[in-house]
Amino acid sequence: MTNDEVIKNTNYDLAIVGAGPAGLSAAIYASRGGLKTVVFEKALVGGQIVVTAEVENYPGFAETLTGFDIADKLKAHADKFGAEFKLEEVKAIGVEGLCKIIETDKGTYSTKSVIIATGAHPRKLQVPGEQKYTGRGVSYCATCDGALYRDKIVAVVGGGDSAIEEAIFLTKFAKKVYIIHRRDKLRAVKVIRDRVFKNKKVEYVWDSVVQGIDGGDMVETLHIYNRKLDEISDLKVDGVFIYIGIIPNNELVESRVELDPRGFIQTDEDMHTIIPGVFAAGDIIHKTLRQVVTANSDGATAAFSAEKWIEENSDKFD
Ligand code: NAP
C-alpha cells in the first residue's frame, strides 16, 4: 500500500463491513445522519437472512416475508439515503492514530470510524464425508436446496431454532424429514417446537449424533451413534441439512478486541469495541437474542454512536 492509494480513497466518515441486516440498518441510520458511508460486502447483500426461507416475526409484517424480501427493502432504504456499496472483500483493518485503513481485494480506503457487521457462518459437523458430499446431499441451506428433495427423505441435524424452522420448511418438499438431535429435548423456542411436533412428516432421532456421511455420487447413508443406548446404526437419506449453530466471522479484529469464550465480540451498550471508533453490530457480537430485529437495533445504535464519536473527536481529524 502506498500513501497515494490511501489519499485517493480518503474521506469516508464510516466504513461498514458486512451488508447483513445489522450493516444495512447501520448504513440507513449513518447516511441519513449525514455521514459519508461506505458498505463493503464480499458476497451477497443481505447476509445470512437471504438464505432464510421465511421470517414470520419481523415486527410490522404479519404476512410472512422471505429473508430476501427483508434484505432487498433494507438495501433500497440505504440506497435512498446515499450509502455507497462496494462488492469487495475486506482483507484487513488497520488503525493509524484515530484513522482506520481498510484494505480490500480491490483497494485501500481510509475512514474515521468502522462498524464490523460480518455476522457468522454455519458450524460444520466435522465428520467423515461431510466435505466430500457438500453440494451432493450435504447442505447448510434449506432455502437454497430444499426444492431438490421433492418426495425424498432428508435429515436435519440440530435442535435449535434454525434446525427446527428449516425442518418444517423442508416438509413442503420432502416426504419425510428426520430431526437428529444430540439430546432428547429441542433447544428451539416453544412456538417453533409446538409447530414441529404437530407435523406428521417429521420423525425424531433423539440422543444421537452423526458420525459419518456415506454414499455413491450422492449422500445415501448417515452413520448415527445413539449416546444413550451406546448403539451405532445407519439411516438411509437422500440429503442432510446441518444446522448446529453459528461461528462468528471475527478474523478481521479477533486479536485486538475483546471476545467472549465462543469468539463473539464484546461491545459496550453503544456497540463500541475497545478500539476507539470501531463498533460492532449484529450476529458477530455477544448477545442473548439473534434476530433480524436485534441486528437492526444494533446497527442503528452503532451508527448513532459512530456519529457521536466522530463529533466528539472532530478536532482530531483534519
Ligand atoms: P443454536 O441455537 O446454537 O442451536 C444449535 C443446535 O445444534 C443445538 O440444538 C445444539 O444442541 C446443536 N449442536 C451444536 N453443536 C453440535 C454438534 N457438534 N453436533 C450435534 N449437534 C450440535 O443455533 P441456531 O439454531 O443456528 O440459532 C442461532 C441463533 O439464531 C440463535 O440465537 C437462535 O435463537 C437464532 N435464530 C432465531 C430464529 C427465529 O427466532 N425465528 C431462527 C433462526 C435462528 P444442544 O441443544 O444440545 O446444545
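It should be emphasised that the depicted structure is a prediction, and the values quoted were computed from it without experimental measurement. As the structure lists them, so they are numbered: ligands from 1, and atoms in each ligand from 1.
For ligand 1, the atoms lying closer than 4.0 Å to a non-hydrogen atom of Tyr243 are 7 (O). Numbered from 1 in the order shown, with element, the atoms of ligand 1 that lie under 4.0 Å from a heavy atom of Arg183 read 45 (P), 46 (O), 47 (O). Numbered from 1 in the order shown, with element, the atoms of ligand 1 that lie under 4.0 Å from a heavy atom of His181 read 9 (O), 11 (O), 45 (P), 46 (O), 47 (O).
Within the structure, ligand 1 lacks Val209 among the residues with a heavy atom less than 4.0 angstrom away.
Counting only heavy atoms of the protein, atom 34 (O) of ligand 1 lies nearest to Asp161 OD2, 2.7 Å. In terms of protein heavy-atom proximity, atom 30 (O) of ligand 1 is nearest to Arg290 O, 3.6 Å. With respect to atom 23 (O) of ligand 1, the closest heavy atom belonging to the protein is Gly245 CA, 3.4 Å. Protein heavy atom nearest atom 26 (O) of ligand 1, with residue, atom name and distance: Ser162 OG, 3.0 Å. The shortest contact between atom 39 (C) of ligand 1 and any protein heavy atom is with Gln291 NE2, 3.2 Å. Residue, atom and distance of the protein heavy atom nearest to atom 1 (P) of ligand 1 are Arg187 CD, 4.1 Å. The protein heavy atom nearest to atom 7 (O) of ligand 1 is Ile244 CA, 3.2 Å. The single protein non-hydrogen atom nearest to atom 42 (C) of ligand 1 is Glu165 OE1, 3.3 Å, given as residue, atom name and distance.
Atom CZ of Arg32 sits in a sparse spot, with 12 or fewer heavy atoms from other residues, nucleotides or ligands closer than 6.0 Å. Atom CD of Glu269 has 12 or fewer neighbouring heavy atoms from other residues, nucleotides or ligands inside a 6.0 Å radius.
In terms of polar-atom proximity, Gly159 is counted as a contact of ligand 1, with an N or O under 3.5 Å from an N or O of the ligand. For the pair Leu125 and ligand 1, the shortest N or O to N or O distance does not fall below 3.5 Å. The shortest N or O to N or O distance between Arg123 and ligand 1 is not under 3.5 Å.
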Carefully, step by step, assess Lys73 and Asp69 under the rule salt bridge (Lys or Arg N to Asp or Glu O under 4.0 Å). CA-CA 6 Å; Lys73 286 182 198 301; Asp69 290 336; over 6 Å; no
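Not one N or O on the side chain of Asp270 forms a donor-acceptor pair closer than 3.5 Å with the backbone of His272. Under the 3.5 Å distance criterion, the side-chain polar atoms of Asp298 are left unmatched by any main-chain donor or acceptor of Ala281.
Of the listed residues (Lys124, Arg262, Arg182, Gln126), the one carrying the non-hydrogen atom nearest atom 45 (P) of ligand 1 is Arg182.
Ion pairing between a basic and an acidic side chain is recognised when a charged N comes within 4.0 Å of a carboxylate O; Lys36 and Glu84 show such pairing. Between Glu203 and Lys176 there is a salt bridge, since at least one side-chain N of the basic residue sits less than 4.0 Å from a carboxylate O of the acidic one. Ion pairing between Asp207 and Lys228 holds under the 4.0 Å rule for side-chain N and carboxylate O. Here Arg256 does not pair with Glu254 in a salt bridge; the nearest charged N to carboxylate O distance is not below 4.0 Å.
At a 4.0 Å heavy-atom cut-off, ligand 1 touches Asn57 through the side chain alone.
Across Gly215 and Tyr133, no two heavy atoms sit closer than the pair O-OH, 2.8 Å.
Within the 6.0 Å centre-distance limit, the rings of Tyr109 and Phe40 are counted as a close aromatic pair.
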